[in-house]
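Note sheet for the following structure.
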Amino acid sequence: MNRTYIRDIKENGPVKVQGFIENLRDGKSMAFLVVKDITGKIQVTVEKEKLPQVAEAVSQLTPDSVVTIIGEAVFTEFVKLGGVEIIPSEIIIESVSDALPIERREIPATKKKKAVERSSIDQRIDYRWIDLRTEENQLIFKVQSCMTDAMRRFLTERNFIEIHTPKLIGAASESGSDVFEVKYFDRNAYLAQSPQFYKQMAMAAGFERIFETGPVFRAEKSYTNRHTTEFTGFDLEFSYITSFYDVMKMEEELLTYMLKEVNEKYGEEIKALYGLELIVPTTPFPIMTLAELYSELEKEFGYTIPEEEKGDLTTEAEKLSYELVKKKFNHEFLFVTDFGAEKRAFYHMRKDGVPQGYDLIWRGVEITTGAQREHRYDILKAQAEEKGLAEDVKFYLDFFKYGCPPHGGFGLGVDRMTMLMLGIGIKEVMFLFRGPNRLTP
Ligand code: AMO
């Protein structure tokens, strides 16, 4: 007999269902199990007297054990959970679970029992595979999978080629201080902080349009709810742009397409399980220069910072910008442009000294940096020298010596995007979080 996914049980009849025991009530004459698979949950109702063998199997079960249930699906108004139950003829115990070491959710007090507190996120990460069994947690990854799938489709339909660049590299691309050094035989290598150099190499190789989704490493000792030392980046790069506005346009179209798709597929579930509305944005997204943003934040919220810090976006300004864009543009996204050259990467093209790039802020958190790149060898080399990097990035500079189209692109943090979509922190949203104090499981 073939296995049936719980979601696909639509009528009375024989079924074989497999999954974890989500709930177990073994009474005197009746036993009720709730079995959960990746598609849903279903009640299994056992009249013990009628089915002594099944009753015997139930007596050995514990919550989170894995079972195969063979029986009849019966639709009835008496069952709350989906209006259907399985009357089993056989229960096969695949694996018995020990008592769980974590509490995945808070259990409110009853007359007989005290309330149970939810384990902390760090305790839950220690047993992440158990933590991940819940519907809410599995939704994170269904949503994330839908997200990258939609973005991949959007790009391949527009002639982007997916590439895979090395993560073991010989030089830091973003900043020397945030790079992990690893032993590489008799010398040192670094873990890639971005596919930056190689996505640009693809432009020099004449690929014209590429994207990559892969691991990004940052040796940042940040203990915030949006930083991790290893995250998933969604990066793209394309040639023959006329300015970084082309890059912003590509990004807003990509995100709108993706959010529409996620909303259609999972909008209801996100609302039900996370209480958040997914809003498909309108295009074009609002744009402000950094100076305009600071001036508006001062007007609206009395927020000021010293003049010399205004070349970069502070975390507080990022946060406040959400209130501002909601109010001013009825939007959740904001492109911020015109950062100070000293705060931006050497590879950003500059016009009159102003980096031709942007940050994209969603719901008050930066999700992307993007830019037109400097593709002219001499200027690029001078900009690298100015940041004291010319020697380290010599191999990269060579990419621009033998012909290279004008190009630009951006890098999007997949984990950040997911966390903002669901309104939870980065530790909650990652399959396995990595931070300064976390390398296991
Ligand atoms: P940047 O350094 O801004 O740009 O990184 C791009 C995006 O990656 C995410 N991100 C992070 N997510 C979680 N934890 C971190 N520690 C972390 N650091 C960054 C953010 C961020 O916006 N090469 C450029 C991109 C480009 O210009 O194409 C770059 O890496 O969402």
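Atoms within a ligand are numbered from 1 in the order they appear, just like the ligands themselves. All heavy atoms count here, side chains included; hydrogens, waters and symmetry mates do not. Just so you know, these numbers come straight off a predicted model, no measurement behind them.
With a 4.0 Å heavy-atom cut-off, ligand 1 is reached by the side chain of Lys199 but not by its N, CA, C or O. Only the side chain of Gln196 comes within 4.0 Å of ligand 1, judged by heavy-atom distances. Here His227 has heavy atoms under 4.0 Å from ligand 1 in both its backbone and its side chain. Within the 4.0 Å heavy-atom criterion, the part of Arg373 lying near ligand 1 is the side chain and not the backbone.
Within a 6.0 Å sphere centred on CZ of Phe207, heavy atoms belonging to other residues, nucleotides or ligands number 12 at most. Under a cut-off of 6.0 angstrom, the local environment of CZ in Phe301 is crowded, with over 12 non-hydrogen atoms contributed by other residues, nucleotides or ligands. Sparse packing is recorded around NZ of Lys249, with 12 or fewer heavy atoms of other residues, nucleotides or ligands lying under 6.0 Å away.
Near Thr368, the atoms of ligand 1 lying under 4.0 angstrom from a non-hydrogen atom of the residue are 22 (O). Remark: ligand 1 atoms within the under-4.0 Å shell around heavy atoms of Gly413 are 7 (C), 8 (O), 9 (C), 31 (O). Listed by number with element, the atoms of ligand 1 under 4.0 Å from a non-hydrogen atom of Ser194 are 23 (N), 30 (O).
In this structure, Phe285 has its ring center under 6.0 Å from that of His331.
When all heavy atoms of Gln372 and Pro406 are compared, the pair lying nearest together is NE2-CB, 4.1 Å.
Taking a 4.0 Å cut-off on heavy atoms, Thr228 registers as neighbouring ligand 1.
The backbone N or O of Lys113 sits less than 3.5 Å from a side-chain atom of Thr110, completing a donor-acceptor pair. Side-chain atoms of Glu366 do not come within 3.5 Å of backbone N or O of Glu318 as any donor-acceptor pair.
Using a 4.0 Å cut-off between charged nitrogen and carboxylate oxygen, Lys199 and Glu237 count as a salt-bridge pair.
Distances from atom 16 (N) of ligand 1 to the heavy atoms of Arg416, Arg434, Glu220 show the closest one on Glu220. Closest heavy-atom approach to atom 13 (C) of ligand 1 within the set Gln200, Arg226, Met430: this belongs to Arg226. In this structure, of Tyr347, Phe231, Tyr358, the residue bringing a heavy atom nearest to atom 17 (C) of ligand 1 is Phe231.
The N/O atoms of Gly411, backbone and side chain alike, include one that comes under 3.5 Å of an N/O atom in ligand 1.
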